[in-house]
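A short write-up of the structure that comes next.
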Amino acid sequence: MRDNNGRRIYIEQPGRPRLYQFDDMPGYEVVGVITLAGRSGALLRKYSNGVYSMANSGILRPLDQRLVKMALGIASNAGAPPRMEGGARHNVYLDAESIDIAQALGDGNISRGIRLALRARADADRDEPPGRAVA
């Protein structure tokens, strides 16, 4: 596969990424070895958002995500959230415990966990007898 400048992108899985990145980087998963424009490095994927980077001795280099996904055989829209009927994007600020709970409820997807928790609360409120206040 070639990138925008005609340079070759080659990904080897599992390859030998420890030649380029000896230590594990916190928050990243080692995917394989990537060669881009004659430069090779460990291909890493960030756990929190799925973004791919090339690592050499602790230095991360950003990569074109579409090209990496094509080279890996992943559809370009993989990981993009589906559009929901009547949905809208909102930013929320959560503490670490709430994030952990939402990730557990949503099988790693914080937004899904929040939606499930809200739906469970709404169902519980509907089942409460009238006149009883729920805090």
Side-chain angles (χ1 to χ4, degrees):
M1 169 165 309
R2 297 193 180 275
D3 70 1
N4 294 344
N5 298 324
R7 298 174 294 194
R8 184 103 175 126
I9 295 176
Y10 178 73
I11 296 176
E12 183 181 352
Q13 288 182 292
R16 297 176 65 191
R18 295 292 178 211
L19 292 174
Y20 308 99
Q21 180 60 38
F22 184 71
D23 296 324
D24 287 333
M25 294 189 72
Y28 287 88
E29 167 189 21
V30 177
V31 177
V33 174
I34 184 167
T35 302
L36 170 66
R39 294 183 180 175
S40 294
L43 179 62
L44 304 181
R45 187 179 74 79
K46 192 168 187 174
Y47 286 119
S48 63
N49 58 13
V51 172
Y52 292 94
S53 301
M54 180 168 45
N56 287 69
S57 302
I59 305 297
L60 290 176
R61 179 179 179 197
L63 298 169
D64 186 333
Q65 302 301 299
R66 294 168 300 160
L67 295 174
V68 172
K69 287 179 180 180
M70 283 193 311
L72 289 171
I74 301 172
S76 64
N77 65 344
R83 296 290 178 189
M84 298 172 57
E85 188 70 32
R89 183 174 180 83
H90 294 277
N91 293 328
V92 296
Y93 190 81
L94 303 172
D95 58 79
E97 181 183 10
S98 298
I99 291 170
D100 292 340
I101 292 169
Q103 280 183 326
L105 285 174
D107 295 324
N109 185 326
I110 295 172
S111 294
R112 183 171 184 261
I114 292 171
R115 286 192 300 272
L116 290 173
L118 291 171
R119 189 173 302 125
R121 177 60 190 248
D123 291 345
D125 286 349
R126 229 177 290 131
D127 295 339
E128 288 292 321
R132 183 167 178 216
V134 178

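Of all non-hydrogen atoms in Asn56 and Gly41, the two that sit nearest each other are OD1-CA, 3.5 Å. Of all non-hydrogen atoms in Leu105 and Ala117, the two that sit nearest each other are CD1-CB, 3.9 Å.
Contact of the Ile110 side chain with the Val92 side chain is not registered, since no non-hydrogen atoms from C-beta on lie closer than 4.5 Å. Contact of the Ile114 side chain with the Leu94 side chain is registered, since non-hydrogen atoms from C-beta on lie closer than 4.5 Å. Within the 4.5 Å cutoff, no side-chain heavy atoms of Ile9 are placed close to those of Met70. Contact annotation: the side chain of Ser40 approaches that of Tyr20 to within less than 4.5 Å [non-hydrogen atoms, C-beta and beyond]. A 4.5 Å side-chain heavy-atom check between Leu19 and Arg16 finds at least one atom pair inside the cut-off. At least one side-chain heavy atom of Ile99 sits under 4.5 Å from a side-chain heavy atom of Gln103.
Panel note: side chain Glu12, backbone Ile34; no donor-acceptor pair is recorded below 3.5 Å.
The CG atom of Asn49 lies 8.0 Å from the CD atom of Gln65; values are rounded to the nearest 0.5 Å. One finds the CG atom of Asp64 at 9.5 Å from the CG atom of Leu36 (value rounded to the nearest 0.5 Å).
Taking hydrophobic clusters as Ile, Leu, Val, Met, Phe, Trp and Tyr residues chained together by side-chain heavy-atom distances below 4.5 Å, Val31 shares a cluster with Ile11. Hydrophobic clustering (side-chain heavy atoms under 4.5 Å, transitive across Ile, Leu, Val, Met, Phe, Trp, Tyr) keeps Val51 apart from Leu72. Criterion: ILVMFWY side-chain heavy atoms under 4.5 Å apart, direct or through other members. Under it, Met54 and Ile74 are part of a common hydrophobic cluster.
Under the salt bridge (charged side-chain N to carboxylate O under 4.0 Å, His left out) criterion, the residue pairs touching residues 97-109 are Asp107-Arg112, with sequence neighbours excluded. The salt bridge (charged side-chain N to carboxylate O under 4.0 Å, His left out) analysis of residues 22-34, with sequence neighbours excluded, yields the pairs Arg18-Asp24, Glu29-Arg45.
A salt bridge is defined here as a Lys NZ or Arg NE, NH1 or NH2 lying under 4.0 Å from an Asp or Glu carboxylate O, and Arg119 with Asp123 fails to meet this definition.
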- Message: Before you tell me yes or no, could you show the steps for Tyr52 and Lys69 under side-chain contact (heavy atoms from CB on, under 4.5 Å), namely the whole-Å CA-CA distance, both residues' side-chain angles and the distance that decides it to 0.1 Å?
- Response: CA-CA 9 Å; Tyr52 292 94; Lys69 287 179 180 180; 4.3 Å; yes
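Every side-chain contact (heavy atoms from CB on, under 4.5 Å) that Leu60 has, sequence neighbours left out, goes to Met25, Tyr28, Leu44, Ser53, Ala55.
Other residues, nucleotides and ligands contribute only 12 or fewer heavy atoms inside 6.0 Å of the CD1 atom of Ile59.
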